[in-house]
Amino acid sequence: MNLYKILGALILALSFVFTSCDWVANEPTIEGGRYKTFDSSAQRKSFRVVNASGKRYNHKVDWDIIGITQLDSDTFFTKKVDTLSNGNLKISYDWVSFTVKENKSVIEVEVQKNETGQDRSVLFATSNSRTQTHRPNMIITQRAK
C-alpha cells in the first residue's frame, strides 16, 4: 500500500512540474512565420518578435544575432552587428539589412530594388539560450519581378 502512495505522489509531483513548465511557449519567434517575401521594389517592413504561443515577446528568453547566411549553408555573408546611437542593432549585407529595435521585440527588414533578374534569398540566423525549438530566424526572399 505504501508503494502505491509513493508512486501516486511521484506521478502527481511530476505532472505538476511538467504542466507548470512554459519554456517552449516563451521562446521567441517571428509573428506570421519565418518566411517573408518581398517584391522586386525597394521596401522596408517591420516584424514583431512574439513568443511561440503568439503572445507578445516577454524577454524572459534572450536571443542573439548570429549573422546573415545563404539557405542551407554554413557560409556567412556577414556576422558583424553594429550598435546604432539609439541602441538598435543593425546587420547588413549587399541588398538587405536587418535592424533589431525596441529591446529585441521588433525586427525591421529593408531590401534594395532587385534588378538582378533572379529571385534572391538570405537567412537571418539567430540563437537563444534554450533548446532552440523556436528562434526569431527569418528567411527573406525577394522576387525578381
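Note that the numbering runs from 1 along the sequence shown for the chain.
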Exercise. Any luck finding a side-chain donor-acceptor pair between Ser105 and Asn103 under 3.5 Å?
Worked result: no

Would you compute the distance between atom [atom1] of [X] and atom [atom2] of [Y] and round it to the nearest 0.5 angstrom?
X      : Y      : atom1 : atom2 : answer
Gln43  : Gln112 : CD    : CD    : 11.0 Å
Thr99  : Lys90  : OG1   : NZ    : 4.5 Å
Glu108 : Ser97  : CD    : OG    : 7.5 Å
Asn88  : Lys101 : CG    : NZ    : 6.0 Å
Phe124 : Ile107 : CZ    : CD1   : 4.5 Å
Thr78  : Asp94  : OG1   : CG    : 11.0 Å

Got [X] and [Y] here, is their nearest side-chain heavy-atom distance under 4.5 Å?
X      : Y     : result
Val106 : Val49 : no
Phe77  : Gln70 : yes
Thr29  : Arg34 : no

Exercise. Taking everything shown except Lys79 itself, do over 12 heavy atoms lie less than 6.0 Å from its NZ?
Worked result: no

Problem set entry | Test ring-ring contact (aromatic ring centres under 6.0 Å, His included) applied to Phe76 - qualifying residues, sequence neighbours left out | none

Exercise. Who are the ring-ring contact (aromatic ring centres under 6.0 Å, His included) partners of Phe38, not counting sequence neighbours?
Worked result: none

Exercise. Given the rule that I, L, V, M, F, W and Y join up when any side-chain heavy atoms are under 4.5 Å apart, are Phe98 and Ile66 in one cluster?
Worked result: no

Exercise. Linking I/L/V/M/F/W/Y whenever their side-chain heavy atoms sit closer than 4.5 Å, directly or via other members, would Ile68 and Leu71 fall into one cluster?
Worked result: no

Can you give me the closest heavy-atom contact between [X] and [Y], atom names plus distance?
X      : Y      : value
Leu123 : Ile139 : CD1-CG1, 3.8 Å
Arg120 : Lys113 : NH2-O, 3.3 Å
Asn114 : Ala144 : ND2-CA, 3.7 Å
Lys55  : Val50  : O-CB, 3.2 Å
Ser121 : Thr141 : OG-OG1, 2.9 Å
Arg44  : Glu110 : NH2-OE1, 3.0 Å

Exercise. For Asp64 and Lys104, what are the C-alpha separation, side-chain angles and deciding distance, and is it a side-chain contact (heavy atoms from CB on, under 4.5 Å)?
Worked result: CA-CA 9 Å; Asp64 297 301; Lys104 294 187 177 178; 3.4 Å; yes

Exercise. Taking the side chain from Lys45 and the backbone from Val111, do they hold a donor-acceptor pair closer than 3.5 Å?
Worked result: no

Exercise. Between Thr126 and Asn137, is a side chain to side chain donor-acceptor pair (under 3.5 Å) present by the stated rule, with each step listed?
Worked result: CA-CA 6 Å; Thr126 64; Asn137 288 350; 2.6 Å; yes

Exercise. What ring pair (Phe, Tyr, Trp, His ring centres under 6.0 Å) pairs are there with at least one residue in residues 102-122, not counting sequence neighbours?
Worked result: none

Exercise. Do Val109 and Met138 pass the side-chain contact (heavy atoms from CB on, under 4.5 Å) test, and can you show the C-alpha distance, the side-chain angles, and the key distance before you say yes or no?
Worked result: CA-CA 10 Å; Val109 180; Met138 279 194 279; 3.7 Å; yes

